[in-house]
Each structure stands twice: as C-alpha cells, then as structure tokens.
Amino acid sequence: MAKREEWAELATSVLPATFFGRPAEQVAPELVGCWLIRRLQTGEQLRGLIVETEAYAQQEPACHGSRRRSPQNETLFGEPGRFYVYLTYGIHHCVNLVTGCLDEASGVLLRAVQIPDEPARVAAGPGLLARRFGIDRRHDGLPARPDSGLWLAPRLLPPGMDGKLTQTTRVGISQAQELPWRWYLRSSPCVSRRARGDRLVRPGAGL
DNA sequence: CTCACGATTGGA
DNA sequence: CCAATCGTGAGC
C-alpha cells in the first residue's frame with residue numbers, strides 16, 4: 001500500500017451535493033473518515049481527516065434552525081451541500097454542512113479533523129478546526145466544491161487505523177441533550193476537548 | 001434600545 | 001473553574 005504521506009493524496013475525488021440530501025443524523029456518521037480540503041493561496045492543499053461530527057435538525061431545539069428563519073440561519077434552510085458557518089462566543093467560528101431538503105433546516109457540525117504530519121490538537125475542536133483552515137463567515141453559503149476553494153473528499157482511512165465509531169450525546173448544548181447525535185473515530189487522538197464525559201450510547205460500531 | 005446568552009477555548 | 005468577546009434575538 002501507499003506510504004504515509006501519500007494517503008492524503010489518494011483522497012482525490014469530490015463528495016457530490018447529492019451526498020448531503022439526506023437526514024443529518026444519517027450523513028453525520030458517514031462524514032467521519034472523509035476529508036476536508038482547503039485550497040491555499042499558494043495552490044497547495046490543506047487536508048484534514050474528519051474524526052468527529054454532530055447532527056442538528058430543525059425539529060429539535062438545539063438546532064439554529066429550530067426557531068425563526070433569519071439572515072443568520074438562512075443558509076441552514078437552503079440547498080444541501082453548502083457550508084453553514086457561524087460565529088460563537090464572539091470568538092470562534094463553527095463549520096457545518098447543510099443536509100436534508102430545501103426549506104428544511106438541518107446540518108452536520110464538523111467538530112474535529114486530524115491533519116497528517118501536524119500536532120494532534122491543531123484542529124481538535126470546532127473553533128480550532130475553523131481557525132486552522134482559515135474559515136469564517138465569508139464562507140457561509142458557499143457550495144462544498146473545489147471552485148469554492150473548500151470541499152470534501154470521500155472516506156479513505158489511513159492504513160492500520162481502527163475505523164470503529166463511537167456514538168454519544170452532543171457537546172456544549174443546553175437543550176435536547178439526550179439526543180445521541182455525535183460520532184467520532186474511537187481510535188483518533190484528535191477528538192475535541194469535551195470528548196470525555198458525554199453519555200456513551202454505542203461504542204465501536206463498524207465504519 | 002438594552003441585555004443575556006451561546007453547537008468554545010486557553011489559561012489560572 | 002472562569003474570562004474573553006460580539007452578533008443575534010427576546011423582552012421592555
């Protein structure tokens with residue numbers, strides 16, 4: 001098989017918009033193991049293996065689209081396959097992928113990625129991930145495609161990596177805390193800070 | 001118009 | 001455990 005450095009190179013195709021036209025809780029676990037790719041000004045690419053995600057849907061109160069449709073959350077109601085980016089705590093940006101159908105608010109929060117040859121913690125959390133990839137509100141509403149400079153590639157795990165998923169309740173929310181809509185790669189050292197302490201729902205399901 | 005509150009993080 | 005920091009939305 002390929003050498004370590006070549007694994008990121010192998011993730012060369014693009015996840016199509018149709019991939020996202022399904023319920024968020026179905027898309028979220030499938031996004032684990034996929035790659036987040038950013039084209040840099042130099043023409044180089046920054047790639048991160050998605051190791052942790054969460055699903056949000058209009059019918060549950062933790063979702064930004066559960067209340068009123070507004071300029072702030074408009075993207076969440078729009079076409080699936082676009083990025084929904086918002087500012088939280090006045091400091092950090094969070095990156096989501098819009099899922100489901102048009103006029104229905106749902107999405108998947110990217111909580112952590114693992115970047116080959118970089119320290120484990122540089123993107124181990126939603127805010128850290130956005131900072132490392134240089135993503136902010138200007139990216140809100142952009143389609144996840146190469147011409148946006150930001151897109152996703154299909155699942156491709158490094159050789160030898162344990163692909164088992166752990167399913168838990170979501171992190172940092174005050175409502176709908178019992179919903180088991182968070183997934184992460186059990187073997188990754190790059191999951192977010194609050195990974196521990198959340199109610200474990202289903203350890204080690206196959207990927 | 002005022003004010004409380006985050007889908008977080010880094011430092012005491 | 002707590003402060004940082006600011007846009008949004010609920011409430012007066």
Side-chain angles (χ1 to χ4, degrees), chain A residues 20 22-32 34 36 48 50-78 80-100 104-115 118-142 144 150 152 165-185 188-201:
Chain A
F20 301 96
R22 298 175 289 145
E25 67 272 28
Q26 189 178 333
V27 175
E30 292 188 26
L31 275 180
V32 175
C34 295
L36 177 66
I50 298 170
V51 298
E52 181 183 352
T53 61
E54 280 179 359
Y56 288 85
Q58 187 167 4
Q59 60 274 13
E60 49 91 6
C63 180
H64 288 173
S66 64
R67 303 277 174 92
R68 186 195 286 84
R69 188 166 174 165
S70 72
Q72 170 72 177
N73 62 17
E74 175 59 30
T75 301
L76 211 45
F77 286 85
R82 291 176 180 261
F83 289 103
Y84 166 56
V85 183
Y86 65 90
L87 179 68
T88 190
Y89 292 96
I91 306 175
H92 307 288
H93 291 275
C94 291
V95 183
N96 298 252
L97 282 125
V98 178
T99 58
E104 173 249 11
S106 73
V108 174
L109 170 68
L110 301 184
R111 289 196 56 88
V113 304
Q114 182 172 333
I115 303 174
E118 291 195 15
R121 52 202 84 83
V122 297
L128 294 171
L129 179 162
R131 181 207 293 177
R132 179 64 190 87
F133 277 74
I135 300 170
D136 58 36
R137 265 245 99 198
R138 296 189 296 260
H139 297 268
D140 182 62
L142 287 183
L150 188 62
L152 298 178
L165 284 186
T166 295
Q167 182 179 7
T168 74
T169 51
R170 296 173 296 181
V171 168
I173 53 173
S174 57
Q175 300 181 78
Q177 297 177 339
E178 55 318 314
L179 225 43
W181 280 5
R182 171 170 173 264
W183 292 266
Y184 64 89
L185 262 184
S188 177
C190 303
V191 294
S192 62
R193 173 184 182 182
R194 309 192 181 184
R196 300 166 293 275
D198 295 300
R199 194 162 65 89
L200 195 70
V201 175

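Computation of the quantities below employed the complete heavy-atom set of this structure, encompassing side-chain atoms and omitting hydrogens, waters and symmetry-equivalent molecules. Here is the naming used below: chain letters follow the sequence lines, and residue numbers restart at 1 for every chain.
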Can you list everything that forms a side-chain hydrogen bond (donor to acceptor under 3.5 Å, both in side chains) with [X]? Sequence neighbours excluded, please.
X	result
A:Glu25	none
A:Arg138	A:Asp136
A:Arg67	none
A:Gln177	none

Calculate the interatomic distance between [X] atom [atom1] and [N] atom [atom2]; express it in whole Å.
X	N	atom1	atom2	answer
A:Tyr84	C:dT8	OH	C1'	10 Å
A:Arg193	C:dC1	CZ	P	11 Å
A:His93	C:dT5	NE2	C1'	12 Å
A:Leu87	C:dG9	CG	P	13 Å

Chain A contact limits on DNA chain B, taken 5' to 3' with a cut-off of 4.0 angstrom to heavy atoms: B:dG6 to B:dG11
Of all the heavy-atom pairs spanning [X] and [Y], show the shortest one and how long it is.
X	Y	answer
A:His139	A:Gly134	NE2-O, 3.3 Å
A:Phe20	A:Leu152	CZ-CD1, 3.5 Å
A:Arg170	A:Glu54	CA-OE2, 3.4 Å

Members of residues 66-76 of chain A that approach DNA chain C, where some heavy atom sits under 4.0 Å away: A:Arg68, A:Ser70, A:Gln72
Runs of at least three Watson-Crick or G-U pairs with DNA chain B, cut-off 3.5 Å: B:1-6 with C:6-11, B:8-11 with C:1-4
Same-atom distance (C1') from B:dG10 to C:dG7, integer angstrom: 22 Å
Kindly write out the residues that satisfy side-chain contact (heavy atoms from CB on, under 4.5 Å) with [X], not counting sequence neighbours, or none if the list is empty.
X	result
A:Arg22	A:Phe19, A:Gln26, A:Val27, A:Glu30
A:Pro71	none
A:Ala144	A:Phe83, A:Leu97

Contact check, side chains of A:Leu129 and A:Leu36, non-hydrogen atoms, under 4.5 Å: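 Contact flag for A:Leu129/A:Leu36 side chains = yes.
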Residues which pass ring-ring contact (aromatic ring centres under 6.0 Å, His included) with A:Tyr86, listed by chain and number, not counting sequence neighbours: A:His64, A:Tyr84
A:Ala124 or A:Ser174, whichever maps to the more 5' nucleotide of DNA chain B: A:Ser174
Sugar-phosphate, base or nothing in reach of A:Ile173, heavy atoms under 4.0 Å: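 Sugar-phosphate contact only - A:Ile173 comes under 4.0 Å of backbone atoms but never of a base.
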Residues in contact with DNA chain B, drawn from residues 131-139 of chain A - heavy-atom cutoff 4.0 Å: A:Arg131
Value rounded to 0.5 Å, distance of CG in A:Leu109 from SG in A:Cys63: 11.0 Å
